[in-house]
Trainee: 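Quick one: structure below, then a few questions.
FYI, side chains are in, hydrogens and waters are out, and symmetry mates aren't considered; it's all heavy atoms of this structure.
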Amino acid sequence: MTTTTTARPRHDAPAQRARRGSTARRETWGSAALLLLPAVALLLVLRIIPTFAALSEAVPLGSERSPWSNFAYIFSDPSFWNAVRVTLIFSIIVNPLQIALALALAVLLTKRIPAVGLWRTLILLPIAVPQAVSAIIWLVLLRPDGPLNGIATSLGLPTVPWLTDPTWALASIIIVCSWVGVGYWMTFLVTGIKEIPLSLYEASALDGAGSWRQFWSITLPGLRRPLLFVLVADTVSNFLVFAPVRILTRGGPQGGTDLLMYNISERAYTLGDTQAASAATLVLVLIVVAVVTVQFRLLPGRED
Amino acid sequence: MRWARASVATVVVSAVVALSGCQTGDGDEVTLTFLNPHAGAYEPVAEAFEEANPGVRIELQSVPFEQMVEQTQARLSSGDTTIDIVSVDPPRLANMVEQGFLTDESEFLPKMRANVTEVAISSITVDDRQWAYPLWTSDNFLFFNRTVLEQAGLPAPGPTSADRLTWEQVLEMARTLVESGAVRYGLGMDQVDRYYALQPLLESMGAGPGLEGDENLTPAVDTPQWLAFGEWYGALYADAIGPRGVDPAQMVDLFRSGQSAFLVGGASAIGRIADGDFPGEWGMAPHPYFEGGPIVTPTDSWAIGVSATSEHQDLAREFVQFATLDPRGAELASSVNTLPPVQTEAFDSYVDHIRQLAPQQTVGFGDLFLEDTAEHSRHRPTSVGYVQFESEMNTAFGDIRNGADVERVLADAQSALELQLDRLRELSLDAEENE
Amino acid sequence: MADAPTRREVASGRRALLLAVPIAALSMAPLVWATISSLRPGEEIFRYLSPFSWRTVIPESVSLDNFVSVLQSSFAPALMNSVIVAFLSVTLGLVVAALAGFALAVLPFPGRGAVFAFMVVCFLVPFEAIAIPLSSTFRDLGLANTYAGLVLPALGNGLSIFLLRQFFMGVPASLAEAGRLDGLSWTGVFRRIYLPLSRGPLIGAGLILFVFQWQSFLWPLLIAPAPGVRVAPVAIADFAQETGVDYGQMFAAAILTAAIPLILLLAFQRHFTGSTASSGSKE
């Protein structure tokens, strides 16, 4: 990097400084606008405007019906409330589980292991398989007479009603989603750990810190920002799960796996009731906004 | 949403310039687009039509069967003019007609009558008018593992309608075979948990179709007869005669790998069973009925319609009539996935084809099919709420198979359907007022 | 990371290997089973499914028929389309996301928090919920059945912006200040200081864009169902027909679909590991 600092007078007059300050500020604002323009334009056009178009369906104006009738309808539908309940239970279990596993794997796979890249890649690979097919693979594996129960039987263990019992079916969805997701989220944490200066570990090793203490005093604080990303992104993506549900359980048995996003997609795509689907989507988005806001506020070291 | 579209346009157009698009098919030729859920099935009929009509190209857009409803809905309701021809599932016809997706084809009724059966025509009729052209029909049969039955000293069912077994007889044999350990399962169904396959059982047991009243918009799925059927269906799986947790798509494989003694399945299973190396011998028999009840069989299959938003309706109609009413066209349209065409001459060649696939097992197949269709078949109820009904009932049957309490499941289904069908009425009233 | 590992590190690496290998094996097991299944003729998958025996996992005979017929079907051009679409999405998307992430992380300007919140909201909205209205707009604009129609939605990716912003914030502000004092413009600071330090995060953001496109099913089905522009997940769905699923071919196609990112990931792993952390620039 060539350094061509032009000589500057050492003592600026306050007025001069202010003028230069405001030019610099203007340059900064201009650069910010330019750098953000493509992203903001694309997001506006491809996300925000269609979102308003979709959500405006939830509130039918210029009709005989009350503008809130779609909300009244979904709120009167027990299957909607069941979906909200199932989604919350699912989220409370799946998010901490996935993040803890991803973090543990990231720590493990940043150690000096032979062929470490290979192991990381193999754990990440499930996300590269089209979801429809990976769900079908599990559909066979989790059959009552499938390989998973077959292995259990040959080990003398009891068989599990994976997809045929409401509680186990939700557990199955959690397993399948985690099988896909953990490697993915781990990858970002691996990148994060790699960004932490090695010298910090070396120094603390000299102080005699064990790996457990290093994890708490160096890794975790150093991972703050990537961890916030993974926490938020994972939570959001788990709120929006529906493809595995569609293939594995279709929301059943007895509504036990009827995640809100699946409930919405059924309303919109199978039943063609886009108005109720939009109303339910709005509720879902509000829930996600609330949860994500809390996450941004709670995570220690939140940005200025 | 004009303002939205306009602002989208300005930004997107500049992006399009950057990303050179690759628009398909241009020039003088007319391209007809055919949206269907049958990948590969219409290639021969499309080629034959293109040959006979130079300058016309048929573009086959196949989408997965599971996504057909949503794709039809998403694309036709937005007034997509690029779709000219669309596959139609008869029970969903009423809903498509109500939304104005299809052209009225009633003036061609005489031409239909000359080529296809009355049962088939009634499947595409709503309010005494015809809205599509029937292409295929369907029926279910009882496939059985002959080797396993013989080894257990049980009589193999005969192939003609006169030999038709009752469910009581079938289940008794299935139970014997499962209990003796000869097979893992007694009975599978290739459309397990689906209303299509279970409606004949319900009606043979004396239950109603589940939708009744004016325009079939009143659910009746918690009647004593429905409960009786639910208990029967649940016991089938609770007693491990039928398999729990096996997806419909895996059922034929279960039978053809020798793990299930019986299979209730459609004609498409014949090719798949004959194709694999079945361990031993198999056979097929008429669809069973309940002792003391009527014989009831399923019917209907996909039809083809002309999209109301097509810009080439006459040409599109010409193709559809060729593929459904013309003997050669209908034969070609049925040749890839070997489903039975309703066109009478094409049906005969279809039967010949099936006879060749499995000569020993399909003795009397054609006669049985025709008798079932003419005398025993029941359409699924015609209703704008059929989609709601079917998806709710398929879920309910699935829950019963998995061991849920029958009375509760059916009561829940009844109230869910009442809610959904009320909603449908409210929305359609609203749409009428806005017109 | 040129310094030689200490004996203690090597020992703990060996212990970690004992954990890593079984976990990787567990993660791969379903895919290995699918691969084995794709090497068997159709009904053999189910013949030995139960009871569980060595035949469940070891095929009677191995045949590449499924792979051959999949590669001869319309799946092969669809896979090619997927590669093209994913490549365009990743390269263009990275440019958009990196610029925005940099501005949000480094440049002080009023309303920065609001713009960031806007980006976050964008990935909270389920894409499936807006796909139908967006697709009818795209059709009106003549984007149906074009690569542009497939690529564009991937470019508005708030998640990759969020990721890059998080990592750019981790770069010490003193570096940017020094660059500014050296007379670099903001784009200069971005190009000369931030980009070289952010290979790992950029690959991460590329992964997000890639996965979005590679898993995309509903959108391509709506906007690009024509035979010439179909993508791999849509073509794979052809193997599941109403009358039955061809598991062998479906699994073979899925394995081929996963093989492409597998090769790319193995090639890129070097860069994941090639950290800048030890350069001393990030104290």
Trainee: Measure distances from B:Gln191 to the heavy atoms of chain C and classify the residue's part below 4.5 Å as side chain, backbone, both or neither.
Mentor: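 For B:Gln191, neither part sits under 4.5 Å from chain C.
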Trainee: Once you round to the nearest 0.5 Å, how far does CD1 of C:Ile132 lie from CD of B:Gln71?
Mentor: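 Rounded to the nearest 0.5 Å, the CD1-CD separation comes to 8.5 Å.
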Trainee: Which heavy atom of B:Gln61 sits nearest to which heavy atom of C:Asn145, and what is that distance?
Mentor: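 So the minimum-distance heavy-atom pair works out to NE2-ND2, 3.8 Å.
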Trainee: Going by atom type alone, with no hydrogens or angles, which donor-acceptor pairs under 3.5 Å involve a side-chain atom of residues 217-229 of chain C and a protein atom two or more places apart or on another chain?
Mentor:
residue: C:Trp219; atom: NE1; partner: C:Gly149; partner atom: O; Å: 3.0

Trainee: Where does C:Val234 contact chain B at under 4.5 Å (heavy atoms): side chain, backbone, both or neither?
Mentor: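 No part of it gets close to chain B.
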Trainee: Once rounded to the nearest 0.5 Å, what's the spacing between atom CG of B:Asp80 and atom CZ of C:Arg139?
Mentor: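 CZ of C:Arg139 is found 4.0 Å from CG of B:Asp80.
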Trainee: Less than 4.5 Å to any heavy atom of chain C: does that hold for the side chain of B:Gln67, its backbone, both, or neither?
Mentor: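 Side chain only.
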Trainee: Please classify the contact between B:Arg272 and chain C as side chain, backbone, both or neither, with a heavy-atom cut-off of under 4.5 Å.
Mentor: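 Only the side chain of B:Arg272 comes within 4.5 Å of chain C.
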Trainee: So for B:Leu339, is it side chain, backbone, both, or neither that comes closer than 4.5 Å to the heavy atoms of chain C?
Mentor: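 For B:Leu339, the side chain is the part near chain C, not the backbone.
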Trainee: Taking distance alone, no hydrogens or angles, what donor-acceptor pairs closer than 3.5 Å link side-chain atoms of residues 120-129 of chain C to residues at least two apart or in another chain?
Mentor:
none

Trainee: Indicate yes or no: at least one non-hydrogen side-chain atom of B:Ser62 is less than 4.5 angstrom from one of C:Arg230.
Mentor: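 Yes. Closest side-chain heavy atoms under 4.5 Å.
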